[in-house]
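Notes follow the structure.
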Amino acid sequence: MGVNYMIIAVRPEDRMFDVDTFVHEAQERWPGCEVFDANQSKSNQTTLVQVESQDEPSFSINHFSDNQMVSTEGTPDQAAEVAAWVRQANPDPGLVLWFVDDSFSGHIVLYPGITPEQITANWVDHSEHDPYTEYPDYFK
């Protein structure tokens with residue numbers, strides 16, 4: 001069973017990467033990954049990358065056509081690795097990226113150079129920190 005996480009561009013004007021860059025970066029990071037085009041009539045997802053490993057469970061990474069979200073389904077450690085990879089591929093410090101779970105019960109702000117270990121260690125629980133109150137500019 002996978003755990004669903006998302007990397008989101010929080011501000012409406014921010015973009016991560018287009019589908020071609022997403023595929024190129026994924027193939028660089030995970031050589032041999034499989035790339036599938038999604039049926040755009042069913043969702044705004046454009047491309048899925050499936051990563052297989054002999055040592056760990058497989059996981060997927062989904063790119064969405066608005067270039068503002070990437071989701072991943074895998075273990076929490078795999079998801080943190082994907083989040084760090086997305087941030088590395090988008091090093092602009094002005095780009096605001098968050099790593100959130102599928103129920104928006106927590107997040108971490110992804111800054112340039114962040115590691116998977118830092119992502120896991122610095123998770124912000126929304127039951128203790130209300131993002132709507134603490135980041136009102138992002139949630140108008």
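Heavy-atom basis, side chains included; hydrogens, waters and symmetry copies ignored.
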Q: Enter the distance from Glu56:CD to Asp77:CG here, rounded to the nearest 0.5 Å.
A: 7.5 Å

Q) Is any side-chain heavy atom of Ser71 closer than 4.5 Å to a side-chain heavy atom of Phe64? A) yes

Q: List the atom of Glu81, the atom of Trp30, and the distance in Å for their closest heavy-atom pair.
A: OE2-NE1, 3.6 Å

Q.
Between Tyr5 and Pro76, is there a side-chain heavy-atom distance shorter than 4.5 Å?
A. yes

(Q) Does atom CD (Glu25) have a neighbourhood of more than 12 heavy atoms from anything else shown, all under 6.0 Å? (A) yes

Q | Sub-4.5 Å side-chain heavy-atom contact between Arg87 and Trp85 | A | no

Q: Mind running side chain to side chain donor-acceptor pair (under 3.5 Å) on Gln50 and Ser58 for me, showing each step along the way?
A: CA-CA 7 Å; Gln50 184 71 33; Ser58 64; 3.3 Å; yes

(Q) For the residue pair Gln118 / Thr115, report whether a side-chain donor-acceptor contact shorter than 3.5 Å exists. (A) yes

Q) With side chains defined as the heavy atoms from C-beta onward, is the minimum distance between Tyr138 and Val96 less than 4.5 Å? A) yes

Q: Find out whether Gln27 and Val35 are in side-chain contact, i.e. whether some heavy atom of one side chain is under 4.5 Å from a heavy atom of the other.
A: yes

Q. Side-chain contact, heavy-atom cut-off 4.5 Å: Ile119 with Phe99?
A. yes

Q: Kindly give the heavy-atom pair with the smallest separation between Met16 and Leu97, and that separation in Å.
A: CG-CD2, 3.6 Å

Q. If you take all heavy atoms of Asp18 and His63, which pair is closest and at what distance?
A. C-NE2, 3.7 Å

(Q) Under a 3.5 Å threshold, yes or no: a donor from one side chain and an acceptor from the other, between Gln78 and Thr72? (A) no

Q) Same cluster for Trp98 and Val124 if Ile/Leu/Val/Met/Phe/Trp/Tyr side chains link at under 4.5 Å? A) no

Q) Any side-chain heavy atom of Leu110 sitting closer than 4.5 Å to one from Ile108? A) yes

Q: Mind listing the closest non-hydrogen atom pair of Gly106 and Trp123 along with its distance?
A: C-CZ2, 3.2 Å

**Q.** Minimum heavy-atom distance Cys33-Ala26, with the two atoms named
**A.** SG-O, 3.9 Å

Q: Taking His126 for its side chain and Pro131 for its backbone only, find out whether a donor-acceptor pair lies under 3.5 Å.
A: no

Q. Where do Asp102 and Met6 land on the side chain to side chain contact (heavy atoms under 4.5 Å, CB included) test, with the steps shown first?
A. CA-CA 7 Å; Asp102 64 345; Met6 294 159 281; 4.1 Å; yes

Q. Hey, any chance Ile7 and Phe17 share a hydrophobic cluster, counting ILVMFWY side chains that come within less than 4.5 Å of each other, even indirectly?
A. yes

Q: Quick one: closest heavy-atom pair of Gln68 and Arg11, and the distance?
A: NE2-O, 3.3 Å

Q. If you measure from CG on Leu48 to CG on Asp37, what distance do you get to the nearest 0.5 Å?
A. 10.0 Å

Q.
For Val82 and Phe59: C-alpha separation, side-chain torsions, deciding distance, then whether side chain to side chain contact (heavy atoms under 4.5 Å, CB included) applies.
A. CA-CA 10 Å; Val82 170; Phe59 64 96; 3.6 Å; yes

Q: Examine Tyr135 together with His107 and report whether their ring centres are nearer than 6.0 Å.
A: yes

Q | Ser105 (side chain) donor-acceptor with Asp101 (main chain) under 3.5 angstrom | A | no

Q. If we ignore angles and hydrogens, is there a donor and acceptor under 3.5 Å between the side chains of Asp125 and Ser127?
A. yes

Q) Linking I/L/V/M/F/W/Y whenever any side-chain heavy atoms sit under 4.5 Å apart, do Leu95 and Phe22 land together? A) yes

